[in-house]
There are 2 protein chains.
Amino acid sequence: MRIPNHIGIIPDGNRRWAVDQGMTKEKGYNKGLNPGLELFKLCEEVGIKEITYYGFTVDNTKRPKFQRLAFTKACIDAVNMLSKENADLLVLGNTESDMFPKALLPFALKRQRFGTGGIKVNFLVNYGWQWDLKDYFLEGENKSDLLSTIKSRDISRVDMIIRWGGRRRLSGFLPLQSVYSDFYIIDEYWPDFKSEHLYNALEWYNNQDITLGG
Amino acid sequence: MRIPNHIGIIPDGNRRWAVDQGMTKEKGYNKGLNPGLELFKLCEEVGIKEITYYGFTVDNTKRPKFQRLAFTKACIDAVNMLSKENADLLVLGNTESDMFPKALLPFALKRQRFGTGGIKVNFLVNYGWQWDLKDYFLEGENKSDLLSTIKSRDISRVDMIIRWGGRRRLSGFLPLQSVYSDFYIIDEYWPDFKSEHLYNALEWYNNQDITLGG
């Protein structure tokens, strides 16, 4: 079976899940923590080399304050959980804004090895696609690697993006690493994550031809 | 009904269609011409304001020569057909390469009005996402509009991308205009285009919430 090298995770639907359960919207984010850890462990097992989690974006911070505080806390907790695993971890986002949680600053300086290392884990926090691309070619016009000047240059091409919650869009997720990505959409909300979701996505990916635009 | 302002068309599956019909692969491209015109007329009827057709890419030109000649001819024919309609037409792609068909150079200088004008039609020919973004911020670092320096700056944000042929990926299609686009995938091949495909896509789009990342 052909396993993707790098998968992108868009864990959407936390708020809709909470509303369905009769809770207020911001209660949903906390329910995404265990799924995130479970997914990480499954990826370790099947031999995926790199995972990028879409935490929250600059766009998202315009939401009501209660929600913002809740998804920020969930991201802090998620990164702390992942730092107890064997992983090479990087938090990436605009650290110069007040919206970037101070607790995650130590993870954002450079990729760090936790445990024995292993999977590259990228966690996007206060990420913005415009922020990411701002220096594109400003310093790098003559560089042969077109991607070497973007802020996410330490994140490789994404082979498959899996999105929960039924929406079929990128919502600003790493535009340059996603140009050739295959998208797999799961209608269930992220807090309802099941291992079958990943297995089904991997099986589907195995049946795609990979042409990289050719 | 909420009609998208701008739709992107990825007319994939011409070669697979040809093979299914017992033809050689390159025979499929010509069968995409009438679908393209039919789609244009339907878009006029429903009030879509802008269409971008994914003709061929720099990546595609690495394919066998017979195929390259066939898809190049199909793009020339398609643009000629569309220029007999009421449309504001622009061909966009790397005109400095030999792969860009000379017959389409007059369409690539600037957007031109044909007939009484109307829908903006963008036709990507020898397009490459790296080519498109190459000047990003090189001249424009202090411009507030981040998109003003890309070569496709005259193409607006894409609301919905419809792809035929079952693949679920962008394949390099306008990365910056696509960051918030909704993707609608049709399993049938492009030469089997039916008006229902567009109607179903529009109905689906009408049921999406549009947040632009918020």
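Note that the structure is predicted; figures quoted are calculated from it, not measured. Quick note on labels: first sequence line is chain A, next is B, and so on, each numbered from 1.
Here salt bridge (Lys or Arg N to Asp or Glu O under 4.0 Å) pairs that include residues 1-21 of chain B, with residues two or more places apart or in two chains, are B:D12-B:R16, B:D12-B:R163.
Highest contact tally toward chain B, considering only A:N60, A:D182, A:L174, is held by A:D182 [criterion: heavy-atom pairs under 4.5 Å]. The candidate from B:D209, B:L170, B:T61, B:V58 with the greatest count of non-hydrogen atom pairs under 4.5 Å with chain A is B:D209. Among B:G214, B:S178, B:P175, B:G166, the residue with the largest count of heavy-atom pairs under 4.5 Å with chain A is B:G214. Between chain B and the residues A:S171, A:S181, A:G213, the largest count of heavy-atom pairs under 4.5 Å involves A:G213.
Exactly one of A:I48, A:I161, A:N122 qualifies for a side-chain contact (heavy atoms from CB on, under 4.5 Å) with A:H6. That residue is A:N122.
B:R157 and B:Y180 make their closest contact through CD-CD1, 4.2 Å (heavy atoms, listed as atom of the first residue, atom of the second, distance). Of all the heavy atoms in A:F183 and B:F183, the pair that sits closest is CE1-CE1, 3.0 Å.
Note: B:W190 and B:F193 have tilted aromatic rings, judged against thresholds of 30 and 60 degrees for the angle between ring planes.
Heavy atoms of B:T57 lying under 4.5 Å from chain A belong exclusively to its side chain.
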